[in-house]
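Taking it in order: structure first as structure tokens, then the write-up.
All values below come from the heavy atoms of this structure, side chains included, with hydrogens, waters and symmetry mates left out. In listed order, ligands and their atoms are each counted from 1.
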Amino acid sequence: MRTCTFPEARAVVLEAVTGRPGVEHVPLEACAGRVLAEVARADRDYPPADRSIRDGYAVVSASVPGRVRVIGEVRAGDRFPGEVRPGEAVEIMTGAPMPRGADAVVMVEHTIADDGFVSTERSSRPGEFVNFQGSEARAGDVLVEPGVRLDYSHAALLATVGVASVAVYAKPRVAILATGDEIVPVAETPREFQIRNSNVYSLAAQVIRAGGVPQLLPVAPDRLDETRWLIEKGLESDLLLLSGGVSAGKYDLVETVLAGLGAEFLFDRVLIQPGQPLVFGRVPAVDRFFFGLPGNPASTMVTFEIFARAAVERLAGQTYPALPLTSAPLTRDFRHKTGLTRFLPANLGDDGGLTPVPWQGSSDVPAIARANCYLVAHAGRAEWKAGDWMQVLRK
Ligand code: AMP
Ligand code: MG
């Protein structure tokens, strides 16, 4: 038996699970959500030349305020062949390279053009409205490290530096095994003592979001031989997620079966709610990690988010697994019993206020579905007043 607090359990998972995934290539348009497997470097200076960041006139800054002669124009995608001298200007568009000699841009809004000349009452200074060569990145700079989960901004960055085919880590296969004699397939009509198998679907969605490939196994009935057979099957994947069968009940067989397979248990109880009877460990014979997630749907969802998600992300090659915590002011008073860290359904409003969603406990899927986040009530504090800031886990 090893009991952990929430931060202890998370540290155990992060310490234990490291990924050594294979590498594959995807086209740039399919890179978002994948984990970069190579260093992305600047192939040249960015910007590649001094560039105007306004529409206006490129001048020698000391020439203004005053009236200067317009000697030509330069647009983005072109280059001015000559040189700007004091008393002269070149009409310039945003993104165009600065003509030789000019050291600043006067915004078109601050000028009056007349008959080949342009006047401004504004003064300027060297470098004004100019984006200098190499100011964003120097040729050869590392712009993204391997192990970063790519988002749309990385897609733009990789495109900028000319990476059309992106080296990413292969997705880990994550087996999902629900247990319980009362669990029936979704397409069946359950009798009053049965429930449909919802956990494998929330888990599959969560695994996909974490960068894994879910592999759904048939439901294990509460019998040793079949549970063992299905667990062995699940251990063929890169990670095994079990739901149910980890409490102290007579038919909670998961730990017994895993122990029989030589499992090491790194913890089997965490001081959180929902999700206290949470099992995490490794089967050395096959070098695989497993989570025994408690079967109540809210427990399964929450414990995946705060622990198993990190393991999937690590196996996917991500260096820093995400725990999307933030803080928000409560819209009403909140109290709980100390001793457990609670993750309870809540709504973060457009005004930034945090409101708990009423719920009936860990089986209340409708309440979780109504919520857009979880409030995090830490184990050591009992009371929060309306307006107090509370931690929030994004959903
Ligand atoms: P257990 O952890 O096996 O004691 O299950 C706790 C509660 O979660 C029980 O009420 C189960 O019926 C419910 N439960 C277990 N597995 C699932 C599942 N796959 N889908 C939905 N509910 C489940
Ligand atoms: Mg059960």
Side-chain angles (χ1 to χ4, degrees), residues 1 3 9 174-208 212 214-231 233-234 237 239-260 263 265 267-281 290-309 312 340 342-345 359-371 374 395:
M1 268 305 249
T3 302
V174 181
I176 302 175
L177 174 56
T179 69
D181 285 338
E182 76 280 30
I183 311 300
V184 302
V186 174
E188 273 179 32
T189 305
R191 303 183 60 188
E192 65 279 12
F193 49 84
Q194 296 177 320
I195 49 173
R196 291 197 181 91
N197 183 4
S198 65
N199 285 346
V200 298
Y201 296 97
S202 51
L203 286 173
Q206 289 173 294
V207 164
I208 290 169
Q215 304 191 306
L216 275 51
L217 290 162
V219 175
D222 294 321
R223 280 195 302 277
L224 280 172
D225 50 347
E226 284 174 75
T227 303
R228 180 181 167 111
W229 186 81
L230 284 164
I231 285 181
K233 193 100 196 85
S237 297
L239 178 69
L240 170 60
L241 302 178
L242 292 128
S243 104
V246 290
S247 308
K250 191 168 160 194
Y251 296 100
D252 290 323
L253 307 173
V254 165
E255 277 180 279
T256 310
V257 171
L258 284 164
F265 295 93
F267 55 75
D268 59 5
R269 185 166 169 245
V270 185
L271 298 175
I272 56 171
Q273 195 195 40
Q276 240 190 106
L278 169 66
V279 178
F280 170 60
F290 58 82
F291 284 88
L293 309 175
N296 257 314
S299 310
T300 308
M301 293 186 224
V302 165
T303 51
F304 180 92
E305 283 304 288
I306 62 181
F307 301 117
R309 175 177 175 177
V312 176
L340 301 178
R342 290 188 168 78
F343 297 83
L344 303 176
W359 80 323
Q360 302 306 314
S362 308
S363 65
D364 194 346
V365 178
I368 303 261
R370 271 197 297 275
Y374 303 96
K395 197 168 150 196

Task: Residue among Ser247, Pro274, Ser243 satisfying side chain to side chain contact (heavy atoms under 4.5 Å, CB included) with Ser299 - done: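 Result: among Ser247, Pro274, Ser243, Pro274 is the only option passing the side chain to side chain contact (heavy atoms under 4.5 Å, CB included) with Ser299.
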Open item on the list: Would you compute the distance between atom CG of Leu203 and atom CE of Met301 and round it to the nearest 0.5 angstrom?
Closed with: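 These two atoms lie 8.5 Å from each other.
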Do [X] and [Y] have side-chain heavy atoms sitting under 4.5 Å apart?
{"X": "Val279", "Y": "Val254", "value": "no"}
{"X": "Leu293", "Y": "Leu278", "value": "yes"}
{"X": "Gln276", "Y": "Arg269", "value": "yes"}
{"X": "Val174", "Y": "Pro214", "value": "no"}

Could you tell me, for ligand 1, which of its N or O atoms are under 3.5 Å from any protein N or O, listing the pairs and their distances rounded to 0.1 Å?
| unit_1 | atom_1 | unit_2 | atom_2 | d |
| --- | --- | --- | --- | --- |
| ligand 1 | 2 (O) | Gly295 | N | 3.0 |
| ligand 1 | 3 (O) | Gly245 | N | 2.8 |
| ligand 1 | 8 (O) | Gly295 | O | 3.0 |
| ligand 1 | 8 (O) | Asn296 | N | 3.1 |
| ligand 1 | 12 (O) | Glu182 | OE2 | 2.6 |
| ligand 1 | 14 (N) | Gly295 | O | 3.2 |
| ligand 1 | 19 (N) | Asn197 | OD1 | 2.9 |
| ligand 1 | 20 (N) | Ser198 | N | 3.1 |
| ligand 1 | 20 (N) | Asn199 | N | 3.3 |

